[in-house]
Amino acid sequence: MKKVGINMNPYQVLGVSQTDDEDIIKKAYRKAAKECHPDTHPGDKRAEERFKEIGEAYRILSDKQKRKEYDARAAQRERESATGRNSAQTGRRSAGGSIYPGDIEKEFERFFSKGVQSEKKENSSQQKISPMDVTDLFERYMGFKR
């Protein structure tokens, strides 16, 4: 079972919005718990797992402190996600120095052309790719000697 607080959204599990008050959340919890209670679905593992998820979601949303912490973490993840998307779209590196997938081609081109950007053709599928031996370049870069 996935932990609701880590991998799942408790608001989605209970079918409520983030702005709903405690009474609405409690009503949604009771309705959802009643629908998939293990006593009404004996032997149904899926209903049992769903019941546990609903309980965990309610445990988070019914406690003001836990709900506040969850909302803060969710907002932080959203900001980080938006920052990562913006950096990837503009071709910039993140603060940690990692390279986003869209930048890999640019990084290879920068490395192997010694910083000189070559002009790309409009249709890259028609571009012929010729293999080159980079062993010597790699050995010089890494300081190896044969």
Rounded to the nearest 0.5 Å, how far does [atom2] of [Y] lie from [atom1] of [X]?
X     : Y     : atom1 : atom2 : answer
Asp44 : Glu49 : CG    : CD    : 10.5 Å
Lys34 : Lys31 : NZ    : NZ    : 10.5 Å
Tyr70 : Leu61 : OH    : CG    : 8.0 Å

* To do: Evaluate the salt bridge (Lys or Arg N to Asp or Glu O under 4.0 Å) criterion for residues Lys66 and Glu69: first the C-alpha distance (whole Å), next the side-chain angles of each, then the deciding distance (0.1 Å), finally the verdict.
  => CA-CA 5 Å; Lys66 289 179 184 175; Glu69 290 171 4; over 6 Å; no
* Do Phe51 and Met8 share a hydrophobic cluster (ILVMFWY, side-chain heavy atoms under 4.5 Å, transitive)? ->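 No, separate clusters.
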Kindly say whether [Y] contributes a backbone atom to a donor-acceptor pair with the side chain of [X] at under 3.5 angstrom?
X     : Y     : result
Arg67 : Gln18 : yes
Arg50 : Val13 : yes
His37 : Ala32 : no

* To do: Using a strict 4.0 Å threshold on nitrogen-to-oxygen distance, state whether Lys26 and Glu22 make a salt bridge.
  =>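 Between Glu22 and Lys26 there is no salt bridge, as every charged N stays at least 4.0 Å from the carboxylate O atoms.
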* Which pair of heavy atoms, one from Cys36 and one from Ile54, lies closest together, and at what distance? ->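 In terms of heavy atoms, the two residues are closest at SG-CD1, 3.4 Å.
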* **Modelled atom types, side-chain donor and acceptor of Arg79 and Gln76, under 3.5 Å** =>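 Their side chains do contain a donor-acceptor pair, which is all the 3.5 Å distance test asks for.
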* May I have the step-by-step check of side-chain contact (heavy atoms from CB on, under 4.5 Å) for Tyr11 and Thr19, ending in yes or no? => CA-CA 10 Å; Tyr11 294 104; Thr19 57; over 6 Å; no
* Under the salt bridge (Lys or Arg N to Asp or Glu O under 4.0 Å) rule, what do Glu48 and Lys52 come out as? Steps first, then yes or no, please. => CA-CA 6 Å; Glu48 185 179 334; Lys52 290 177 183 177; 3.6 Å; yes
* To do: Give the ring-plane orientation class for Tyr29 versus Tyr58, where under 30° counts as parallel, over 60° as perpendicular and anything between as tilted.
  =>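 Rings of Tyr29 and Tyr58: parallel, as their planes differ by under 30°.
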* Asked: Would Glu56 and Glu53 count as a side-chain contact (heavy atoms from CB on, under 4.5 Å) if you check the C-alpha gap in whole Å, the side-chain angles of each, and the deciding distance to 0.1 Å?
  -> CA-CA 5 Å; Glu56 180 69 14; Glu53 289 174 351; 5.8 Å; no
* To do: Sort out for me which residue in Asp20, Ile24, Ile25 forms a side-chain contact (heavy atoms from CB on, under 4.5 Å) with Leu14.
  =>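 Of the listed options, the one satisfying the test is Ile25.
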